[in-house]
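All remarks here apply to the structure that follows.
Computed over heavy atoms, backbone and side chain alike; hydrogens, waters and symmetry mates excluded. Note that this is a predicted model, so its numbers are computed, not measured. Protein chains get the first letters and strands the later ones, always in sequence-line order, with residue 1 at the start of each.
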There are 2 protein chains.
Amino acid sequence: MKILPEKTVERLSQYRRTLNNYVAEYGKSRIYSHELAALLNITAVQVRRDIMFIGYTSVQRKGYNIKDLIQVIGNIIDSPDSINVAVVGYGNLGKAITTYFAGNRPKLKLVAAFDIDPKKVGSEVNNVKCYSIERMREIVALNDISIAILTVPTHAAAEMAKVLIQTGIKGILNFTTVNLHVPSNIYLEEYDMITSLEKVAYFVKHRPLG
Amino acid sequence: MKILPEKTVERLSQYRRTLNNYVAEYGKSRIYSHELAALLNITAVQVRRDIMFIGYTSVQRKGYNIKDLIQVIGNIIDSPDSINVAVVGYGNLGKAITTYFAGNRPKLKLVAAFDIDPKKVGSEVNNVKCYSIERMREIVALNDISIAILTVPTHAAAEMAKVLIQTGIKGILNFTTVNLHVPSNIYLEEYDMITSLEKVAYFVKHRPLG
DNA sequence: ATCTTTTTGTTATAAAAATAACAATATTGA
DNA sequence: TCAATATTGTTATTTTTATAACAAAAAGAT
Ligand SMILES: NC(=O)c1ccc[n+]([C@@H]2O[C@H](COP(=O)([O-])OP(=O)(O)OC[C@H]3O[C@@H](n4cnc5c(N)ncnc54)[C@H](O)[C@@H]3O)[C@@H](O)[C@H]2O)c1
Ligand SMILES: NC(=O)c1ccc[n+]([C@@H]2O[C@H](COP(=O)([O-])OP(=O)(O)OC[C@H]3O[C@@H](n4cnc5c(N)ncnc54)[C@H](O)[C@@H]3O)[C@@H](O)[C@H]2O)c1
């Protein structure tokens, strides 16, 4: 299958999440494009177009079979075997994420944490054990970890990214407030909360309408 | 000034952050577009175009005066008087954010937290006090809070958003895993960590190059 | 049976965002 | 002094993303 547009991948993830909630809440088995769109604050065309991209088709006029759609999305965005993830930096944010993450996605498993602080090493949240940085190579290999969530202090981020890449990690989700530089075979996604907040502040002040 | 494109606003926030770090680290006073671009993994044209949008100009060929640029960005994305922010849901994530946020941005002040749990009400992190939901209207008015960061459990999110809007809040940064529905005069920004992670997983598997 | 309505799937168009191209200008060095 | 170079500011083009338009199919109504 052709590689999907970034935005479509993001929305597919959200469709699935939303559909799972929807089934749980309303117990319906089918949903119209405009209903799903309304749940996500987007347009029905957008939904139909994304679904077209992944090649799923419903019987016309009946809406989409939710169970099937969830499955098809899974076939696209999940990998067949599950992917293992580690949190690097087991502080406030790292632990919050670990707590939250537990069993959230069947195909994404948070299997280890790493920290430099001897007081944190050995601790456990949600069955996720914290290891020292020295053991990173070993643990990453042992557990076949391919994605890291980076929540170390800013000053340590670049160095940690380097080490992670050496251990063989393939993707990084970076929550620290520095932009990392990675080779082109590593997929990097960055999120900065302050940027989001400043954006909200700007548009609260400047948006048309009132 | 004309309203800026969303992406430009996001990058301006990052330029400022990056420039502040850069000054602190290297003590230089000027920076070239390509240098700033490299720090953010984007192109120099992008930087110049954003800077064009905000109307700042340097002396040609000398690069940008960092101090001035930081200031001009501030004039654009900060509001003249500071904006007050509240965290709603003082759990793992809410507290992590509070700790992190402290004094991070001079013009964005985290001034209160709210929680439904009596054990949390009255507690304090980083001088940010937690209040009961009942006192929300009062505290929001008293402190002129216009932005809320929503970190309550998923099931409570829609209701809390409704209440927040009733109290007069103008922007919401939503970290819960449901999409909210707000009137068009409220600015809503949503971030879902699982979506980010699933995106990383997808592109780790599917990206061209190796 | 045929008309109307609803909803999908797809192609066409528009809008937003990123990139490229390049003129203008300052600086350096011959 | 004048050519070569480096860098900005801006317009033009391309790419990506979103929206609109509409044909086809199903279901129901008359
Ligand atoms: N807390 C938040 O809500 C929040 C929000 C956005 C961004 N961030 C960013 O996330 C990062 C972590 O924030 P936090 O609030 O959890 O901080 P924290 O201080 O609570 O946690 C950082 C952890 O990293 C560990 N650490 C330090 N150096 C390390 C190294 N070299 N290798 C591995 N681990 C190391 C520390 O021992 C600590 O446990 C920061 O960069 C911060 O800017 C945090
Ligand atoms: N922890 C994370 O890293 C993380 C990441 C992404 C998203 N989230 C989302 O953020 C939200 C909070 O996550 P968390 O890990 O901090 O959970 P948590 O359980 O630690 O915190 C939730 C807090 O909200 C309070 N609360 C419950 N009902 C409330 C109500 N009606 N009004 C106000 N407060 C109420 C609880 O008392 C608790 O203090 C969840 O929706 C979760 O999906 C969390």
Side-chain angles (χ1 to χ4, degrees), chain A residues 1-15 19 28-66 68-69 72-73 76 179 184 190 195 199 202-203 206-208, chain B residues 1-15 19 28-66 68-69 72-73 76 179 189-190 195 199 202-203 206-208:
Chain A
M1 151 120 33
K2 231 173 129 308
I3 288 188
L4 299 169
E6 279 208 21
K7 298 290 177 184
T8 295
V9 174
E10 288 179 19
R11 281 189 301 263
L12 287 173
S13 164
Q14 302 201 297
Y15 295 156
L19 290 170
K28 292 230 207 126
S29 68
R30 307 191 73 90
I31 192 169
Y32 294 127
S33 60
H34 67 262
E35 291 174 324
L36 181 52
L39 292 170
L40 283 114
N41 302 314
I42 61 176
T43 65
V45 192
Q46 183 84 268
V47 169
R48 295 206 298 274
R49 218 146 177 296
D50 287 334
I51 289 176
M52 190 185 95
F53 271 127
I54 62 175
Y56 177 71
T57 57
S58 79
V59 179
Q60 277 217 1
R61 232 195 102 118
K62 284 218 156 173
Y64 302 99
N65 180 304
I66 297 178
D68 290 355
L69 186 49
V72 173
I73 292 174
I76 303 282
N179 291 97
S184 69
E190 311 201 287
T195 292
K199 190 179 163 193
Y202 177 84
F203 285 108
H206 293 84
R207 259 236 299 211
Chain B
M1 150 121 33
K2 229 173 130 308
I3 288 189
L4 298 169
E6 279 207 20
K7 298 289 177 182
T8 294
V9 173
E10 287 179 18
R11 281 189 300 264
L12 287 174
S13 164
Q14 303 201 298
Y15 294 156
L19 291 170
K28 292 233 206 122
S29 69
R30 307 191 72 90
I31 192 169
Y32 295 127
S33 60
H34 66 264
E35 291 174 324
L36 181 51
L39 292 170
L40 282 114
N41 301 315
I42 61 176
T43 66
V45 192
Q46 184 86 82
V47 169
R48 296 206 297 274
R49 220 151 175 294
D50 287 334
I51 290 176
M52 189 186 97
F53 271 127
I54 62 175
Y56 177 69
T57 58
S58 80
V59 179
Q60 277 218 0
R61 235 196 100 121
K62 283 219 158 174
Y64 301 99
N65 179 306
I66 298 178
D68 290 356
L69 186 49
V72 173
I73 292 175
I76 303 281
N179 290 97
E189 173 84 10
E190 312 201 286
T195 292
K199 190 179 163 194
Y202 177 84
F203 284 108
H206 293 84
R207 260 231 303 205

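- Across every non-hydrogen atom of A/Thr195 and B/Glu10, the tightest pair is CG2-O, 3.7 Å.
- What separates NZ of B/Lys7 from P of D/dT17 is a distance of 9 Å, to the nearest Å.
- Residue contacts shown for A/Thr8 are absent, as no nucleic acid heavy atom lies under 4.0 Å away.
- For the pair B/Tyr202 and A/Leu4, the minimum side-chain heavy-atom distance is below 4.5 Å.
- At C/dT8, one or more side-chain N or O atoms of A/Ser33 fall inside 4.0 Å of OP1 or OP2 (strictly under the cut-off).
- The two residues A/Ala44 and A/Ala37 have their closest heavy-atom pair at N-CB, 3.5 Å.
- Looking at heavy-atom distances under 4.0 Å, A/Arg30 makes no contact with the nucleic acid at all.
- Here C/dA16 presents its P atom at 11 Å from CZ of B/Phe53, a figure rounded to the nearest Å.
- In this structure, the CD1 atom of A/Ile3 is 12 Å from the P atom of D/dT17, given to the nearest Å.
- At whole-Å resolution of the value, CD in A/Gln46 and P in C/dA15 are 16 Å apart.
- For D/dT19, the OP1/OP2 oxygens have a side-chain nitrogen or oxygen of A/Thr43 closer than 4.0 Å.
- Atom CG in A/Leu4 sits about 17 Å away from atom C1' in D/dT15, given to the nearest Å.
- Set against C/dA20, C/dG9, D/dG9, the side chain of B/Met52 has D/dG9 as its closest nucleotide.
- Of the residues near DNA chain D, A/Pro5 and B/Ala44, the one whose nearest nucleotide (by heavy atom distance) lies more toward the 5' end is B/Ala44.
- Nearest nucleotide to the A/Arg48 side chain, out of D/dT17, C/dG9, D/dT19: C/dG9.
- Taking 4.0 angstrom as the limit, B/Arg49 places none of its side-chain polar atoms (N or O) nearer than this to OP1 or OP2 of D/dT8.
- Remark: side-chain polar atoms of A/Glu35 are paired, donor with acceptor, to backbone N or O of A/Tyr32 under 3.5 angstrom.
- Rounded to whole Å, the distance from CD1 on B/Ile31 to P on D/dT8 is 10 Å.
- Between A/Val47 and A/Ile42 there is a side-chain heavy-atom pair separated by less than 4.5 Å.
- Distance B/Ile54 CD1 to D/dT8 C1': 14 Å, rounded to the nearest Å.
- Taking atom OH of residue A/Tyr32 and atom P of nucleotide C/dT8, one finds them 8 Å apart after rounding to whole Å.
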